[in-house]
Amino acid sequence: MSSEELARKLQRRLDEEQHDTKPGSPPQTGADYDEPPPVKPATVVNGDATSELTEKLNRRLDIHDGTAKPKQMKVFNPYTEFKEFSRKQIKDMEKMFKRFDSGKDGFIDLMELKLMMEKLGAPQTHLGLKNMIKEVDEDYDGKLSYREFLLIFRRAAAGELQEESGLMALARLSEIDVSSEGVLGARDFFEAKVQALSVRSKFEAEIREEQEEKKRMELERKQRRAAFKELQSTFCS
């Protein structure tokens with residue numbers, strides 16, 4: 001049985017069940033069905049439109065049966081999850097995201113992405129735009145969240161994007177430099193981390209030296225003051 005036929009039967013089954021729930025609907029009998037209810041297929045995400053439809057229908061059926069698991073909302077902190085970027089870089093990406101989120105709903109949809117790529121001077125076809133979203137669309141909602149938007153720059157900095165892809169064009173033309181502090185691969189990533197730790201250790205060592213120097217100077221000052229008072233009491237006695 002093809003996936004398209006299976007999807008149609010699943011849709012018909014959903015429509016019949018929704019019809020049963022309406023007041024005054026006549027009872028359904030076995031004769032009303034031209035065949036037994038189909039078994040819900042396993043979801044296979046392969047980028048095909050039919051598979052996407054099947055996945056959505058499966059979700060609807062789970063909700064109707066009361067077996068759907070609620071989606072857990074996670075608190076997203078870009079500064080802790082994307083530690084390879086500086087605060088300035090993340091803020092620049094956030095400004096760019098908000099600038100092209102014309103609907104102000106916290107997402108960049110297909111038309112907003114189309115406008116973004118045109119503004120950047122790298123217009124894409126409708127299929128190209130869909131493929132751009134698909135590459136980082138982790139929740140399969142057909143649009144880019146702020147976190148998925150940051151994934152573009154992470155993958156660009158890590159060298160995980162194809163040179164001729166729309167996402168690479170977006171990252172390259174965005175005026176956000178991720179090459180200096182971003183990663184160019186796993187090796188460069190760890191080297192950057194080691195260098196950052198070294199700089200941090202040196203900075204902390206300098207602070208400790210300054211604190212020790214202040215303590216030493218304060219101790220010498222107290223000792224001189226004590227010696228002066230002792231000398232003063234000797235002359236005054």
Side-chain angles (χ1 to χ4, degrees), residues 7 11 14 43-64 68-179 181-183:
Q11 179 64 64
L14 286 173
T43 301
V44 178
V45 180
N46 58 5
D48 186 82
T50 304
S51 297
E52 294 179 5
L53 174 61
T54 303
E55 182 181 2
K56 292 180 180 179
L57 292 176
N58 285 339
R59 174 70 178 172
R60 286 179 56 190
L61 185 58
D62 288 338
I63 294 174
H64 183 271
K69 296 181 179 179
K71 294 183 178 180
Q72 296 180 351
M73 299 299 292
K74 296 182 179 179
V75 178
F76 168 55
N77 187 332
Y79 301 107
T80 57
E81 185 170 347
F82 292 83
K83 295 180 179 179
E84 65 266 38
F85 298 130
S86 67
R87 293 182 65 86
K88 181 181 183 303
Q89 288 173 324
I90 291 178
K91 286 184 179 295
D92 288 343
M93 296 176 203
E94 183 180 10
K95 289 179 182 178
M96 181 180 182
F97 180 85
K98 290 182 177 180
R99 183 166 71 249
F100 289 100
D101 177 20
S102 57
K104 305 303 178 185
D105 58 352
F107 296 94
I108 291 180
D109 59 24
L110 190 69
M111 293 306 297
E112 290 168 339
L113 181 61
K114 178 178 182 294
L115 177 61
M116 175 189 293
M117 298 308 296
E118 290 174 351
K119 291 288 186 180
L120 294 175
Q124 303 289 313
T125 64
H126 182 77
L127 180 60
L129 293 168
K130 292 186 67 174
N131 288 335
M132 287 175 64
I133 294 177
K134 177 183 173 183
E135 192 165 350
V136 291
D137 187 12
E138 295 186 330
D139 54 5
Y140 306 106
D141 61 355
K143 50 189 177 182
L144 297 177
S145 64
Y146 176 45
R147 182 183 179 279
E148 291 166 343
F149 185 72
L150 292 179
L151 286 177
I152 298 174
F153 295 93
R154 167 179 281 175
R155 295 184 181 181
E160 297 176 355
L161 298 178
Q162 296 181 1
E163 285 296 324
E164 303 302 324
S165 68
L167 292 184
M168 179 59 78
L170 188 158
R172 185 179 292 121
L173 299 172
S174 64
E175 299 181 358
I176 299 175
D177 181 17
V178 296
S179 61
E181 296 181 54
V183 294

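On a predicted model such as this, the values are computed, not experimentally measured, just so you know.
Looking only at side-chain heavy atoms (C-beta outward), P78 and L150 come within less than 4.5 Å of each other. The side-chain heavy atoms of Y79 and K91, taken from C-beta on, include a pair separated by under 4.5 Å.
Every pair passing salt bridge (charged side-chain N to carboxylate O under 4.0 Å, His left out) that includes a residue from residues 141-150 is listed here, sequence neighbours excluded: E81-R147, E138-R147. Pairs engaging residues 101-116 under the salt bridge (charged side-chain N to carboxylate O under 4.0 Å, His left out) rule: K114-E118 [sequence neighbours left out]. Counting only residues at least two apart or on different chains, no ring pair (Phe, Tyr, Trp, His ring centres under 6.0 Å) pair has a member in residues 98-139.
Under the side chain to side chain donor-acceptor pair (under 3.5 Å) criterion, Q162 pairs with no residue at all, not counting sequence neighbours. Residues passing the salt bridge (Lys or Arg N to Asp or Glu O under 4.0 Å) test with K88 are D92, sequence neighbours excluded. For K119, there are no salt bridge (Lys or Arg N to Asp or Glu O under 4.0 Å) partners at least two apart in sequence or on another chain. Taking the ring pair (Phe, Tyr, Trp, His ring centres under 6.0 Å) definition, one finds that F97 meets it with Y146, F149, sequence neighbours left out.
The two atoms that bring M117 and A169 nearest to each other are CE-CB, 4.3 Å, heavy atoms only. Contact detail for S174 and L120: the closest heavy-atom pair is CA-CD2, 4.2 Å. In terms of heavy atoms, L173 sits closest to A122 at CD1-CB, 3.8 Å. The nearest pair of heavy atoms linking D137 to G142 is OD2-N, 2.8 Å. Nearest heavy atoms, L113 versus I133: CD2-CG1, 3.6 Å.
Rounding to the nearest 0.5 Å places CE of M132 at 5.0 Å from CG of L170. Taking CZ of F82 as the start and CD1 of I90 as the end, the distance is 8.0 Å to the nearest 0.5 Å. Between N131 atom CG and Q124 atom CD the span is 9.5 Å, to the nearest 0.5 Å. Annotation: the span from K134 atom NZ to L167 atom CG amounts to 12.5 Å, rounded to 0.5 Å.
At least one test fails for R154 against the ring of F85: distance under 6.0 Å to the centre or angle within 45° of the axis.
The closest donor-acceptor contact from the side chain of R155 to the backbone of E135 lies under 3.5 Å.
Here R172 pairs with E163 in a salt bridge; the nearest charged N to carboxylate O distance falls below 4.0 Å.
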